Novice: 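I have a structure I would like to understand better, so I am pasting it below and will then ask my questions one at a time.
Computed from heavy atoms alone, side chains included, the values below leave out hydrogens, waters and symmetry copies. Owing to the predicted nature of the structure, the values given are computational and were not obtained by experimental measurement. Residue numbering restarts at 1 for every chain, and letters A, B, ... go by the order of the sequence lines.
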Amino acid sequence: MSDKILMKGNEAIAEAAIRAGCTHFFGYPITPQNELPAYMAEKLPEQGGVFLQAESEVAAINMVYGASAAGARVMTSSSSPGISLKAEGISYIAGAELPCVIVNMVRAGPGLGGIGPSQSDYFQATKGMAHGDFRLAVLAPDSVQEAVDLTRQAFDIADKYRNPVMILGDGVIGQMMEPVEFKEIDSPELPEKDWIVDGAEGRERNIIHSLRLKTEDLTEHNWKLARKYEQMQEDEVRYEEKLMDDAEVAIVAYGTTARVVKTAIKEARAEGIKVGLIRPISLFPFPKKVIKKAAQQVDCFLTVEMSTGQMVEDVRLAVNGERSVAFYGSPGGAVPSPAEILVKLKEVME
Amino acid sequence: MSDKILMKGNEAIAEAAIRAGCTHFFGYPITPQNELPAYMAEKLPEQGGVFLQAESEVAAINMVYGASAAGARVMTSSSSPGISLKAEGISYIAGAELPCVIVNMVRAGPGLGGIGPSQSDYFQATKGMAHGDFRLAVLAPDSVQEAVDLTRQAFDIADKYRNPVMILGDGVIGQMMEPVEFKEIDSPELPEKDWIVDGAEGRERNIIHSLRLKTEDLTEHNWKLARKYEQMQEDEVRYEEKLMDDAEVAIVAYGTTARVVKTAIKEARAEGIKVGLIRPISLFPFPKKVIKKAAQQVDCFLTVEMSTGQMVEDVRLAVNGERSVAFYGSPGGAVPSPAEILVKLKEVME
Amino acid sequence: MEELAGRPKSLTEQEFHYCPGCTHGIVHRLVAEVIDELDIQEQTIGIAPVGCAVLAYDYFDLDMLEAAHGRPPAVATGIKRVHPDKVVFTYQGDGDYASIGTAESVHAASRGERITTVFINNAIYGMTGGQMAPTTLEGQKATTAPRGRDTKEAGFPLQMSEMLATLEGAVYVARVSVDTPQRIKQAKEAIKKAFKVQLKGLGYALVEVLSTCPTNWGLSPQQALDWLEDNMIPYYPLGELKSVGEVE
Amino acid sequence: MEELAGRPKSLTEQEFHYCPGCTHGIVHRLVAEVIDELDIQEQTIGIAPVGCAVLAYDYFDLDMLEAAHGRPPAVATGIKRVHPDKVVFTYQGDGDYASIGTAESVHAASRGERITTVFINNAIYGMTGGQMAPTTLEGQKATTAPRGRDTKEAGFPLQMSEMLATLEGAVYVARVSVDTPQRIKQAKEAIKKAFKVQLKGLGYALVEVLSTCPTNWGLSPQQALDWLEDNMIPYYPLGELKSVGEVE
Amino acid sequence: MLVELIIAGFGGQGVMLMGQLLTYAGMKAGREVSWIPSYGPEMRGGTANCTVVLADEEIASPLPTEPNVIVVMNRPSLDKFAEKVKTGGKLFVNSSLVDKEVQRQDIEVIEVPANELALDLGIEKVANMVMLGAVVAKLGVVDLETVIDSLSEVLPAHRHNLLELNKKALQQGRELII
Amino acid sequence: MLVELIIAGFGGQGVMLMGQLLTYAGMKAGREVSWIPSYGPEMRGGTANCTVVLADEEIASPLPTEPNVIVVMNRPSLDKFAEKVKTGGKLFVNSSLVDKEVQRQDIEVIEVPANELALDLGIEKVANMVMLGAVVAKLGVVDLETVIDSLSEVLPAHRHNLLELNKKALQQGRELII
Amino acid sequence: MAKVKFETDRCKGCKLCTNVCPQEIIIIEEEANIKGYYPAAVKETEDCIGCAFCALICPDVVIEVFKE
Amino acid sequence: MAKVKFETDRCKGCKLCTNVCPQEIIIIEEEANIKGYYPAAVKETEDCIGCAFCALICPDVVIEVFKE
Ligand SMILES: Cc1ncc(C[n+]2csc(CCOP(=O)(O)OP(=O)(O)O)c2C)c(N)n1
Ligand SMILES: Cc1ncc(C[n+]2csc(CCOP(=O)(O)OP(=O)(O)O)c2C)c(N)n1
Ligand code: SF4
Ligand code: SF4
Ligand code: SF4
Ligand code: SF4
Ligand code: SF4
Ligand code: SF4
Ligand SMILES: [Mg+2]
Ligand SMILES: [Mg+2]
């Protein structure tokens, strides 16, 4: 027996964040992530940290802005409609180059929609989060253990690039209990936070801002951000390949969907179908090279998402016309069944 | 001499909206679109309409939600950070299938950024506006006259599909004065608004909502929305082609950038370079077929945007690997010069 | 036989999804009775919040909308500006009205928007499972205040009605409770007045209703009523805080 | 020679970009003087709003942030919760503080957040070119109120300080003006007190400063001061609205 | 070994705890495990359920579409879930509260008068543990001892006064099967 | 014919109006026209400018990078814009407020003592019209009469009492060139 | 003469009505209703004074009260 | 004895100082400063009483006042 403990995804992420040195949490209630702030409310004060329920998601993300600028490792969490409300604030955080971790336990939209698991915020998370040329690093765990591991990495990536990082899950990841282990991890070398605002005692003053009135400055700033994202593309791509060695078809899926796809693949393999899985773990940076390479091997791709089709565009961009890329979606808060996927898979292979 | 009058883009859009039957406007000040609400404040009350300055962009978009549900043709306008704040509300409007017109006079981001013209909200407008599987129809004029014409169409598209429509411009489109003509246009047949809430007098009551607790309902609803967007792809694609007949290279650009590109093309043609322009007018639905077709003819594409590269992804998706697609960007609030574009064009053609 | 009490016309037949003993149901009935008595069922548009009452659109037999969390006053404004002759009301919880929607609430009141708000103060976030509300009392426990609300960290319970009563546009502001039959009658009177204020076009009208959430308070329905009486009423005194202009 | 007046240490050398006669500059100087006198330059973090004062981060010689429109109180909260021993202040216009930021302002006050707000009420949106502010007076013209503010449509000018003074967490609330040397001295005293309240950890402190916007009022700097005196002070009375606890 | 199990009942019957306890014991026994609850507003005054998977290999989908074991604690749950049991699977029915006959012939139906047996122990609240005892005994994938050992770790500290009672209830449930 | 022109000056000198008037007259004269202002916070206490394009063909870019005509009404504008005039182009300088010599030899520099001439007319405010008169006369792309005719349409109604004065100022500017 | 009528299947057994009845004639039944709640009911209807307190406090609009 | 000092190039010629000076000794110069504004200045310095009103009201921190 290991020292694993059984924990809900939401609580495990909170615990992992605290272990990663997160001292401040600002959030606003929303299903299905409520156990995360509740855990923080319980534990953070015990360690001298601060939990504060903000008056809204808008306030919460701006508190994050302040706390990050003040030098803290800080987190907020929410779910789809709440994330939309944070859009402007996230753009400011990215523009001002502040690190933070944002959890989105996606629920089905649009509008109030439903609270079932969904992946319909993919475009928002990876491309159009808010106004302006910026990106989040987006990490999508498919198990509670991975959620724990990625939470730690999220804080490091945030600090390394001075950029917000999003952990993208859903009700399944957040509500599910699985055994987890909190490994002791050595922190990577991270740049010193010499840019924080804490009263300019004995040093040059610091200024945190996203306004850049001169177009040359803003242009340079935006290219600087773009270079950061390219650097992430070099260094931060994460993915899992499964049974790809001899695969003739590749299913591309992430998060909860990938779990179901694994079952579907097992069943397909049992029927002699040579199918493998490519599971993007970092949605941004997207593992495009891996998919590009796979395009040399497989006959076709099938992308499965809990949406009407979003990541499939990134798959198509990576495949770049070399192979066909089919799509299967479940956009209403229901996890697709392995059987449905199998049917689609067979259809695609014809 | 025609009956053209000289008008600022912002004011011309307001006037066009009023002529299209827009009776209600809710907004919050932000540069560079302030002349639009000011014009509305002046004119709407004269015609028995309502102008109201909301306490925020969040309030404004929710007032739009209410007014649209109540049956009015209604508009709001803002610029990038303000649009980000409207994200949740727009998702609700799309989810509840309400028509409205939203103007975004984009400024350079992220965060407060600058107020110069920019196209860095392309991803937001066309893909990741907010949480959930929905899209806006997005129309991008490149002149004041076109802004006027598209405003009228925007209201019709909104009513036809019961979906929000965005007019995407920038400071140049909004601040520029050009001669415009307000043509008398016959309204297309539009579906009757039998779904509005105005007190259920002598009829079954109506309910406007985006919540759908049963996953089957929400799934069906999302596929219904997806079919709407496919219908738009059939019926609402708008674009301009210029000098494409014999073109060996196609530049893809929209809005203000396309104007500059036209100058660049003129200069390039003078040097004997066979280059043409494909200008998407509807950014969603994107004119992918046109570009796909052009890929059979030209040797390569160059996409020019005032961003670090957003629409270029849609161009690549349309080209689907058939030809190379290069990119030139100007992301800081500055319009690129024809000379820069020409240099890039020559580089690309090598 | 004369009916003394029964199902008001302005409620549908749909059963409430509320927990046993939850006072949301009482207030629904009162609002519907008022609409019946004023005979405005076919002129009224109701707005459901996000909160336990999100499905209010299934219960009121009226034209109804569901608004985003906290935004009913803005949505109501949009409707009222299109149909100034119709009656528009919002039904909102304390999280909705006094936390995320603070700006919309304050400004609808400040504008004197001719709408009516029924504000359910149950000192907790019911729908999401018992988080602290702006109105949660000092020391009261909530999932996000596991040691009880600490005013040093989380601030003081917000007396929203007192605050809004300072605004000129808010012409009727009352706080009522539904913990006893007597107070339920008074609550109905206040709600009725708040609708009449709108019918007269006087300005913004607000009725704060002290309510229970047995589930998240961890009490039986009756204990919850008692807790309300013992703890909420002292901090949130009942009565008309403001009443400007004649309604009758 | 003793210096009676001059450039405070907590201002940089940078020239203000404000229009001639704009009182933003006066208030900047007062805040800097107070910081100098309390000797807290190296402990203070200032937050610039979005509004004409957006570049305040260039002017105050302090650690500074620029916050999103309306959000300085939330940003300040974030900082203060990380550094409870430091001094954090927000500098905000009426659009910022009393319109888009209403929720953040109310809740920072309600929480008794230990921060100080300097709230510039110039009854207009200066930066964006003269739109109506929540504090624009009845009848006052603005680009979005071309016929003058009509309270029936746009509601009443918001007396933000009176409203916030009802909150327990707001322990110091004062309204001052900078239209005469005498009042400027009083304004400085109030600002100083608002910082001391924070240093003592008593709660939220707010100073509303009646200010001019000659450019968008369409008046000369002197006419603007006169207009302020004649029109704003009667509606926005000066003085300490609330002062709880001892600061000296 | 692959157990894919749903436990469903009334809010307040303690079905979540049943699932967690089984999952915890499974983990202790070295199995791969996952537990997932239904969540959200449908819980208001309605039924609650959770899904448990116990497996020898890495668990692919934690959300089986055809569970091989279903436990129903009340009538609405029976109505909702009886159809979902995989052919050849098992359906546990709390016969104290469910008087409806199950029509399916392709599954094994085990009736457990959980509330009555709990009442015998003096407190109806432990009906869930009675049922769990029966389920564990019948499935045989984890020892009941492991489940009992897990009690103190799964029950929150302020409920530890009930450990003994819960243990008894679990044993009571086992009796029924043996 | 293609005139790409920038007019720059102090906020309050009326440079926007100069541009609008020229654009309006251009439109009346059947030209393709566009006008675009600088906008935003840099206007606070700073310089303002606008760009006018008059053309025979459809105007591609309304934002010329190398304008062939630039009009500077004050010193900071000269500093900012003198370099931008296209070789062979024209630079109009309000010599009343600018005493700095322009070094460029590759362009034509036209000095107009606009404020002084305006003062001659009794009101310094119309310096902009004096300058515009000179510009129009020199460029010859629209008749000054068309500009004068446009006055009543471009000036807001409450300023129509100044029509006559503006007309005189325009003519005064023309005199200088002829 | 007053009469009360309980729409038993709507009742959630919250007992609020039992507590407010001045006549103390509302009891909770031993049989659960379709929803699984133990509903309230009046046994000695003749003692009802038609005060309607029960109906006033019932959150689920279960009770009708009539007077002759 | 008091002394005032104007940092002329910071002045925006708003004239607020001229209006508050009890001695009425602040005038506006005829020459524009680098910014193009006509700045304020004190001519009869000896009449200055060091009340610092001018400095108090100056929005651009142009004025320093000293006392011996
Ligand atoms: C933007 C957004 N944030 C958060 C939520 C989650 N949420 C749903 S209801 C609710 C609060 C409910 O509390 P209250 O308004 O007091 O109503 P009650 O349930 O107590 O009646 C919250 C935070 C949401 N749906 N949308
Ligand atoms: C989200 C958002 N909305 C709107 C704006 C545009 N904006 C900039 S400043 C401002 C208001 C300025 O008014 P005020 O706060 O009163 O400050 P003042 O300029 O009068 O000092 C507005 C609306 C913005 N930058 N961001
Ligand atoms: S959770 Fe609370 S407020 Fe919501 S229905 Fe249940 S008792 Fe009522
Ligand atoms: S616009 Fe108004 S507030 Fe802004 S700097 Fe100018 S005078 Fe001051
Ligand atoms: S009407 Fe009054 S007396 Fe009759 S049952 Fe109800 S509460 Fe009791
Ligand atoms: S108050 Fe209503 S729901 Fe509650 S027990 Fe009585 S009848 Fe049933
Ligand atoms: S200090 Fe007083 S007397 Fe001296 S110049 Fe200034 S205002 Fe005048
Ligand atoms: S108050 Fe200051 S800026 Fe204004 S004129 Fe006097 S010295 Fe110059
Ligand atoms: Mg509540
Ligand atoms: Mg202002």
Side-chain angles (χ1 to χ4, degrees), chain A residues 8 10-11 14 24-63 76-89 105 107 109-115 171 174-175, chain C residues 47-57 65-72 74-75 93-106 124-136 140-158 160 163 216:
Chain A
K8 267 201 172 192
N10 283 329
E11 293 175 346
H24 286 69
F25 182 95
F26 303 94
Y28 186 79
I30 189 166
T31 308
Q33 59 80 58
N34 287 314
E35 297 80 5
L36 204 168
Y39 192 93
M40 289 294 199
E42 183 72 38
K43 304 284 174 174
L44 269 180
E46 287 172 5
Q47 337 229 335
V50 173
F51 165 86
L52 186 63
Q53 181 173 316
E55 57 269 33
S56 71
E57 289 86 352
V58 172
I61 193 70
N62 284 286
M63 290 172 184
T76 186
S77 65
S78 190
S79 176
S80 310
I83 295 291
S84 290
L85 284 171
K86 289 181 201 278
E88 190 208 21
M105 290 300 175
R107 44 193 264 181
L112 194 51
I115 53 164
Q175 298 292 328
Chain C
I47 299 170
V50 175
C52 278
V54 65
L55 292 173
Y57 59 73
L65 285 87
E66 159 239 289
H69 191 31
R71 319 305 171 197
V75 173
D94 39 14
D96 201 74
Y97 188 69
S99 191
I100 192 171
T102 308
E104 287 74 16
S105 306
V106 166
I124 203 90
Y125 283 30
M127 164 75 119
T128 40
Q131 292 78 15
M132 189 185 69
T135 53
T136 294
Q140 184 187 340
K141 282 193 183 163
T143 64
T144 51
R147 297 159 200 87
R149 184 183 192 136
D150 175 357
T151 55
K152 272 204 224 71
E153 291 292 316
F156 296 91
L158 187 58
M160 193 71 177
M163 185 180 89
N216 288 301

Novice: Chain A heavy atoms under 4.5 Å from C:T143: which part of the residue, side chain, backbone, both or neither?
Specialist: both

Novice: Counting only pairs under 3.5 Å, give me each side-chain donor-acceptor contact of residues 44-53 of chain A, with atom names and distances, residues two or more places apart or in other chains.
Specialist:
unit_1: A:Q53; atom_1: OE1; unit_2: C:T144; atom_2: OG1; d: 2.5
unit_1: A:Q53; atom_1: NE2; unit_2: C:M132; atom_2: O; d: 2.6

Novice: Over all heavy atoms of both residues, which pair between A:A54 and C:S99 is shortest? Give the atoms and the distance, please.
Specialist: O-OG, 4.4 Å

Novice: Give me the atom names and distance for the closest heavy-atom approach of C:T128 to A:N34.
Specialist: O-ND2, 3.2 Å

Novice: With chain A as the partner chain, list the residues of residues 146-155 of chain C whose heavy atoms fall under 4.5 Å from it, by residue number, and write 'none' if nothing qualifies.
Specialist: C:P146, C:R147, C:E153

Novice: Look up atom CG in A:L85 and atom NE2 in C:H69, then write down how far apart they are to the nearest 0.5 Å.
Specialist: 9.5 Å

Novice: Could you tell me which non-hydrogen atom of C:G95 sits nearest to which non-hydrogen atom of A:Y28, and how far apart they are?
Specialist: O-OH, 3.6 Å

